Chemist: 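I have a structure here, written as structure tokens, and I will follow up with some questions on it.
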Amino acid sequence: MEINRINYEKFFLLYLDRELNPAEKQEVEKFLSENADLQKEFKLLQQTVLTPQEFVFEPKELLFRKEEKRRIIPFYRIQVAAAIAGLILGSWFIISVIIKNGKLDISGGQSMVAKDNSKENLSKAPAKNDPSDQTQGASLQPDNSTSQPADKTVAENLNAGKETANTQESKTNLNNRVNKSNQSVTPGPDPSANIVSGDNNPESALVAVQKSSKGLEVQSGPSQADAKHLMVSGQPAKSAAVLAIKAPPNTNTSDYENALTKDQEYQSDNAISVVALNDPNKGISKFFKKLTQRTPEETNARQIRVSVFQISY
Amino acid sequence: MTAEDYNDCVKLYADGLYRFMLKSTRQVEDARDLVQSSFEKLWEHRSEVNAQKCKSYLFTIAYHKMIDMNRKNRRLDFRETVPDQAGPSTATTTLLKEILEEALDRLNERQRSLVLLKDYEGYSYEEIAEITGLNGTQVKVTLHRARLILKEWLVSVENVL
């Protein structure tokens with residue numbers, strides 16, 4: 001667009017605002033020189049342009065900032081921390097597994113007690129033998145009188161229910177005691193008893209088996225060294241059949257006692273529950289496999305074998 | 001931008017921003033508050049701001065903060081007289097400045113801000129448009145109207161004198 005006397009004001013303002021290119025500026029200057037009467041108006045517009053004044057903001061320290069130093073943790077420290085955390089977690093896991101394995105496993109409310117006899121208990125158990133226990137409930141007796149295979153005897157005893165207990169040799173029973181009122185187990189030694197497990201390992205597990213929700217009562221006493229027995233007993237009256245299999249002498253039984261004492265919900269009707277400890281040769285497993293025609297479940301093959309069965313009568 | 005860039009920005013533009021705010025608001029305390037809050041926001045968003053554009057960022061923030069503040073409190077009285085920190089000048093130029101200062105008060109908020117941004121900071125139409133959120137044409141038209149108002153005021157004063 002060419003500057004003329006009609007649109008000159010716009011060009012004057014653009015000139016003063018420094019929005020024209022050099023060629024346009026020259027054109028405005030040329031127009032002004034050719035139109036002297038408009039120079040006054042140009043000067044008036046030029047006076048509207050403000051002259052910058054100097055102002056100082058003080059103090060500027062109000063505005064200055066410093067970068068906050070962020071603490072940088074060296075990578076090796078992170079590694080050390082991770083290693084420590086891993087050790088703690090690993091220790092916790094191991095301890096929890098040990099504690100878990102040390103407790104009586106109770107599945108589905110079914111009752112079952114298994115317990116190892118410690119050497120201490122072996123020495124103390126005979127003193128604990130109390131014939132009066134036989135009057136309180138089922139007594140667990142070594143089955144010295146039979147030449148039958150152990151598992152067969154157990155099956156028969158179980159089927160016989162309450163009549164399976166042998167009473168004559170109660171003094172040699174295990175000193176284990178489990179009853180419904182306090183769910184306690186008192187271990188008793190019988191180092192020679194291992195028939196039920198079906199293996200020849202003298203350190204086979206102790207197994208107690210109970211039918212029904214009634215208390216499982218296992219008694220033990222001084223054992224006979226040559227006993228080849230199946231310890232099966234039935235509680236009098238309403239009590240159910242109980243089967244106990246000798247535990248190895250080197251197993252601590254206190255944990256199981258405590259666990260059993262604390263747990264009130266481990267029994268149920270029409271059930272046989274089994275917990276076996278230290279059954280490395282799977283003798284107990286074989287026995288119950290014959291008994292129930294089922295393969296026991298192995299929840300912990302290394303230290304504890306836990307098998308739970310439910311049998312319909 | 002780094003903390004060092006930010007502090008350089010303070011050194012370079014704090015005074016200019018303060019002048020812009022002072023001329024716009026005519027109130028010393030408001031101008032100081034606006035400058036501080038603008039730099040505060042720049043510091044908070046320093047990671048998102050290019051160091052080379054910190055000036056326009058600052059003026060944009062300050063301008064909008066001033067608009068918001070003026071909308072909240074439409075105060076007409078001056079709390080504190082704007083100090084004249086200009087250097088020594090002749091009586092004519094001093095008189096002209098006083099007249100122009102008076103003339104600036106006759107402009108509306110937008111016109112005054114645009115004149116200040118144009119004359120004090122030397123921004124182009126496009127830059128002013130970016131700062132104020134207007135388009136280039138609006139900036140040009142607004143500025144031209146402001147110039148004509150100032151010119152009319154100067155003519156009227158000359159007639160009186």
Side-chain angles (χ1 to χ4, degrees), chain A residues 1-29 31-33 35-72, chain B residues 2-4 6-7 9-11 13-23 31-32 35-36 38-40 42-43 46 82-87 89 93 96-97 99-101 103-104 115-116 118-122 124-126 139-140 143-155 158:
Chain A
M1 183 184 292
E2 191 173 330
I3 184 171
N4 53 47
R5 291 186 68 86
I6 297 173
N7 63 8
Y8 70 92
E9 191 177 58
K10 175 186 173 184
F11 277 92
F12 284 178
L13 290 169
L14 289 172
Y15 181 92
L16 295 171
D17 283 342
R18 301 177 297 278
E19 295 288 336
L20 297 177
N21 58 43
E24 291 170 331
K25 285 175 71 176
Q26 281 187 352
E27 192 175 346
V28 171
E29 289 167 357
F31 177 80
L32 269 174
S33 63
N35 298 272
D37 59 318
L38 297 177
Q39 288 185 4
K40 185 181 178 183
E41 190 170 356
F42 179 81
K43 284 185 179 178
L44 274 173
L45 287 173
Q46 199 172 29
Q47 288 175 345
T48 64
V49 178
L50 301 176
T51 303
Q53 295 175 273
E54 293 299 324
F55 290 88
V56 179
F57 183 92
E58 291 292 351
K60 289 189 175 59
E61 284 69 25
L62 291 173
L63 306 176
F64 287 133
R65 294 296 185 92
K66 290 181 179 178
E67 196 80 54
E68 294 179 3
K69 292 182 179 178
R70 295 180 180 176
R71 187 179 177 186
I72 301 174
Chain B
T2 64
E4 188 178 357
Y6 168 84
N7 288 329
C9 201
V10 171
K11 293 174 188 171
Y13 307 120
D15 293 342
L17 188 67
Y18 176 59
R19 178 180 59 193
F20 175 49
M21 290 292 100
L22 193 61
K23 289 291 182 180
R32 293 179 64 84
V35 169
Q36 290 189 59
S38 299
F39 274 101
E40 179 73 27
L42 174 64
W43 175 254
R46 65 188 182 282
V82 177
D84 187 359
Q85 298 182 14
S89 59
T93 54
L96 181 59
K97 284 183 180 178
I99 294 170
L100 276 175
E101 290 293 330
L104 274 176
V115 169
L116 292 171
K118 186 65 184 175
D119 294 346
Y120 282 4
E121 306 304 326
S124 67
Y125 290 164
E126 286 73 20
V139 171
K140 184 174 73 174
L143 263 175
H144 287 188
R145 285 177 182 169
R147 298 279 187 211
L148 293 176
I149 291 172
L150 292 174
K151 188 192 81 170
E152 293 302 320
W153 180 252
L154 288 176
V155 170
E158 278 184 355

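Predicted, not measured: the structure shown is a model, and the values here were computed from it. What you see below is based on every heavy atom in this structure, not just the backbone, and it leaves out hydrogens, waters and symmetry mates. To find a chain, count down the sequence lines: A is the first, B the second, and so on, and within it residues start at 1.
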Chemist: Examine whether an atom of Gln46(A) lies under 4.5 Å from a heavy atom of chain B, and if so say whether it belongs to the side chain, the backbone or both; otherwise answer neither.
Modeler: neither
Chemist: Is Tyr125(B) in contact with chain A via its backbone, its side chain, both, or neither, using a 4.5 Å heavy-atom distance?
Modeler: both
Chemist: Treating Arg147(B) as the side-chain partner and Val115(B) as the backbone partner, does any N or O pair qualify as donor plus acceptor under 3.5 Å?
Modeler: no
Chemist: If you tally heavy-atom pairs under 4.5 Å against chain A, which of Leu100(B), Asp15(B), Val10(B) wins?
Modeler: Asp15(B)
Chemist: By a 4.5 Å heavy-atom criterion (distance strictly below it), what part of Lys10(A) contacts chain B: side chain, backbone, both, or neither?
Modeler: both
Chemist: Heavy-atom pairs under 4.5 Å with chain B are the metric here; pick the option from Leu62(A), Val49(A), Asp17(A) that has the most.
Modeler: Asp17(A)
Chemist: Which atoms of Glu4(B) are under 4.5 Å from chain A, going by heavy atoms: the side chain, the backbone, both sets, or neither?
Modeler: neither
Chemist: Where does the angle between the aromatic ring planes of Phe31(A) and Tyr8(A) fall among parallel (under 30°), tilted (30 to 60°) and perpendicular (over 60°)?
Modeler: parallel
Chemist: Distance-only, no hydrogens or angles: does the Tyr18(B) side chain make a donor-acceptor pair with backbone N or O of Glu58(A) under 3.5 Å?
Modeler: no
Chemist: What part of Leu104(B) lies closer than 4.5 angstrom to a heavy atom of chain A: side chain, backbone, both or neither?
Modeler: side chain
Chemist: Between chain B and each of Leu50(A), Leu13(A), Leu16(A), count heavy-atom pairs under 4.5 Å; write down the option with the most.
Modeler: Leu50(A)
Chemist: Select one option (side chain, backbone, both, neither) describing which atoms of Glu19(A) are under 4.5 Å from chain B's heavy atoms.
Modeler: side chain
Chemist: Could you tell me whether a side-chain N or O of Asn7(B) sits under 3.5 Å from a main-chain N or O of Lys66(A), the two making a donor and an acceptor?
Modeler: no
Chemist: Test side chain to side chain contact (heavy atoms under 4.5 Å, CB included) on Leu42(B) and Arg65(A); report intermediate values, then the result.
Modeler: CA-CA 11 Å; Leu42(B) 174 64; Arg65(A) 294 296 185 92; over 6 Å; no
Chemist: Could you tell me if the side chain of Phe57(A) sits less than 4.5 Å from the side chain of Arg19(B), heavy atoms only?
Modeler: no
Chemist: Decide yes or no for Glu24(A) and Leu14(A): does some side-chain heavy atom of the first lie under 4.5 Å from some side-chain heavy atom of the second?
Modeler: no
